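Notes for the one structure printed next.
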Amino acid sequence: MKGSVRVLCTALFFCVATTYGDCVSLLRETSSGVYNRTSSAVAWSGSILGVTKVDNSNLKALSFATYGGDLTQFSSDRKIADASFAGVNALLWNGSEFGLFYQDRSAQLFLQRISASGEPIGSAVAIAPNHAPSGDREYDVVWDATRQAYVILHSVVTGIDKGMWLTMLNTDGTVRSDELITVLFTAPASPRLAVNASGVIAVVFRRSGIFNLRVYDAAGVGGALQQVMNAKEVRIASNGTTFAIVGNAPLSAPTEIDWAVVDDHGTIVAPPKKLFAAHGVEIAPVSLSWNADRGEWALAYLDSRFPFSVVPGDYRLRRFTSSGTLISDSLFSPDTVLTTLATNQPFAWTGASYTSAASRTASGTVQPESYVIRHCPLTASAGTSVRSVAPGGTLTFTAFVDGGTSDQTYAWDFGDGHTDTAKTTTHRYDRLGDYTVVLRVSDSTGASSSSTVLVHVVNPRRHAVHH
């Protein structure tokens, strides 16, 4: 048997899990209450997962709860706002507390501080109320650890202060700075920003149909606006030094995700090019982040074989190196029936897993199903206790696997034209030489991981020396 699966179902709880390695991919249902609260943005404190929830009522009331890394709920749902304009704008952890950003019914942006235990800290604070609220304003918010400030890129669509603005907030919501970037942008502008480890800020937004970029140095001095990518939607993130920008190309067929790389001076060091093509006819990026623990980019995206207006698409995770080389591309959900569980919010990296809240509208129901998902990246390692053998001798190979989702399959290439598909296998080498053994492991979500080990087939005397 390739692995075992633990499934537990109750009226309010559904879990799909695997027993591979230390990290267990799973999902937990969070739908509850008369309005069937939908889980929304998540943030990871280092030990606590904060999860926001939105009531599926006309008021769109907001709640907050804390979970452990194993998705066990620690604190009960605590109401944060009696109503909201459109749910959650952002949830961030700033090192000591959560910051929940949302718009009230008049579309005014607010910050509600929340403790690590899930308790509101004071009352919600109106953010930059000098800019008139309106339902067509757009926001992106990040935490800048260097400045110890929230940074907001936002559009003001009408009025005397019309323009794209960059606003910095203290942790209590008071405004530190409020700078006009430009009065020229195309609505919807889809503003996005990222901050690197040195405090350099990169912002992108749509202008004349093309996404424009501006980079602010650590002193807050902005460079020139420049065109960077033609796309429907973009996401931007930093790996500490450079910024990656991904977007869905509007004219490609089949549709594709392009990407570009910009340094911290605003120089485009890698112009836009194809990263990968869609499985279907429509594709859209959801969230991009750099995972320093694993040295990889992680891109969550939606991919549908039909237009999104017909089918919402599969929610997928693509992992790739700093050069764009594919590591794996798989469904985000460990349950291959629930492929369309999706979100418009970023995921969180917990140190072992990519974690996200997601939902879907089930067939025949009015209210959506809602889940929190822990996606453990599939990682394979080829092991053998002995790497040298005399001609005619046999070696035992074992696939060690962490993360992923059952059922997993194994493919061995022993480098001499022979293969096998067992998790643990033996192989006899008859001729002298060095052989690269390749292991490839795949799981039911489409993820795959490869590993190699070099073995030596030597004469008996050299074999004895190696032992």
Side-chain angles (χ1 to χ4, degrees), residues 30 32-33 37-55 59-69 71-131 133 137 139-154 166-178 193 195 199 343 345-351 355-357 372:
T30 57
S32 63
R37 295 184 186 121
T38 299
S39 295
S40 181
V42 302
W44 177 250
S45 73
S47 59
I48 298 294
L49 182 71
V51 179
T52 54
K53 301 179 181 182
V54 183
D55 281 358
L59 293 178
K60 295 182 174 61
L62 304 181
S63 301
F64 183 88
T66 58
Y67 289 74
L71 305 190
T72 298
Q73 187 165 350
F74 287 166
S75 67
S76 59
D77 295 0
R78 174 70 180 266
K79 182 172 285 189
I80 298 299
D82 292 328
S84 69
F85 178 73
V88 178
N89 289 80
L91 178 69
L92 303 169
W93 173 257
N94 66 21
S96 59
E97 64 190 40
F98 295 99
L100 171 60
F101 291 82
Y102 69 95
Q103 293 167 273
D104 68 2
R105 298 294 284 179
S106 71
Q108 169 64 52
L109 186 67
F110 279 82
L111 164 64
Q112 176 62 63
R113 301 165 64 194
I114 303 173
S115 71
S117 61
E119 299 295 321
I121 302 173
S123 300
V125 179
I127 302 304
N130 54 300
H131 299 298
R137 289 186 59 184
Y139 299 90
D140 194 24
V141 189
V142 299
W143 170 252
D144 181 351
T146 302
R147 295 180 176 85
Q148 290 291 293
Y150 294 109
V151 185
I152 305 175
L153 180 64
H154 57 109
L166 188 67
T167 303
M168 295 190 186
L169 309 176
N170 297 312
T171 55
D172 63 0
T174 55
V175 173
R176 184 182 299 185
S177 63
D178 192 29
L193 80 160
V195 182
T343 180
Q345 297 285 348
F347 52 75
W349 171 250
T350 69
T355 302
S356 174
V372 180

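Reckoned from all heavy atoms, side chains included, excluding hydrogens, waters and symmetry mates. Positions are given from 1, in the same order as the sequence printed here. Just so it is clear, the structure is predicted and the values come from calculations on it, not from any experiment.
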Applying ring pair (Phe, Tyr, Trp, His ring centres under 6.0 Å), can you list everything that pairs with Y139, at least two apart in sequence or on another chain? H154

Test of understanding: with side-chain contact (heavy atoms from CB on, under 4.5 Å), list the residues that count as partners of F85, not counting sequence neighbours. Q103, A107

What residues form a salt bridge (charged side-chain N to carboxylate O under 4.0 Å, His left out) with R176, not counting sequence neighbours? none

Does W44 have any side-chain contact (heavy atoms from CB on, under 4.5 Å) partners at least two apart in sequence or in another chain, and if so, which? L49, A348, T350

Holding to side-chain contact (heavy atoms from CB on, under 4.5 Å), I want the full list of residues that pass it with A357, two or more places apart in sequence or in another chain. S39, V42

Keeping to residues at least two apart or across chains, list the salt bridge (charged side-chain N to carboxylate O under 4.0 Å, His left out) pairs with something in residues 91-100. E97-R113

Considering residues at least two apart in sequence or located in another chain, which fulfil the side-chain hydrogen bond (donor to acceptor under 3.5 Å, both in side chains) criterion with Y150? N94

Run the salt bridge (charged side-chain N to carboxylate O under 4.0 Å, His left out) test against R147 and tell me which residues pass, sequence neighbours left out. D144

Who pairs with F347 by ring pair (Phe, Tyr, Trp, His ring centres under 6.0 Å), at least two apart in sequence or on another chain? Y354

With salt bridge (charged side-chain N to carboxylate O under 4.0 Å, His left out) as the rule and sequence neighbours excluded, what pairs involving residues 101-112 come up? none

Does S115 have any side-chain contact (heavy atoms from CB on, under 4.5 Å) partners at least two apart in sequence or in another chain, and if so, which? S117, E119, I121

Mind checking ring pair (Phe, Tyr, Trp, His ring centres under 6.0 Å) for F98 and listing every partner two or more places apart, or none if nothing turns up? F64, W93

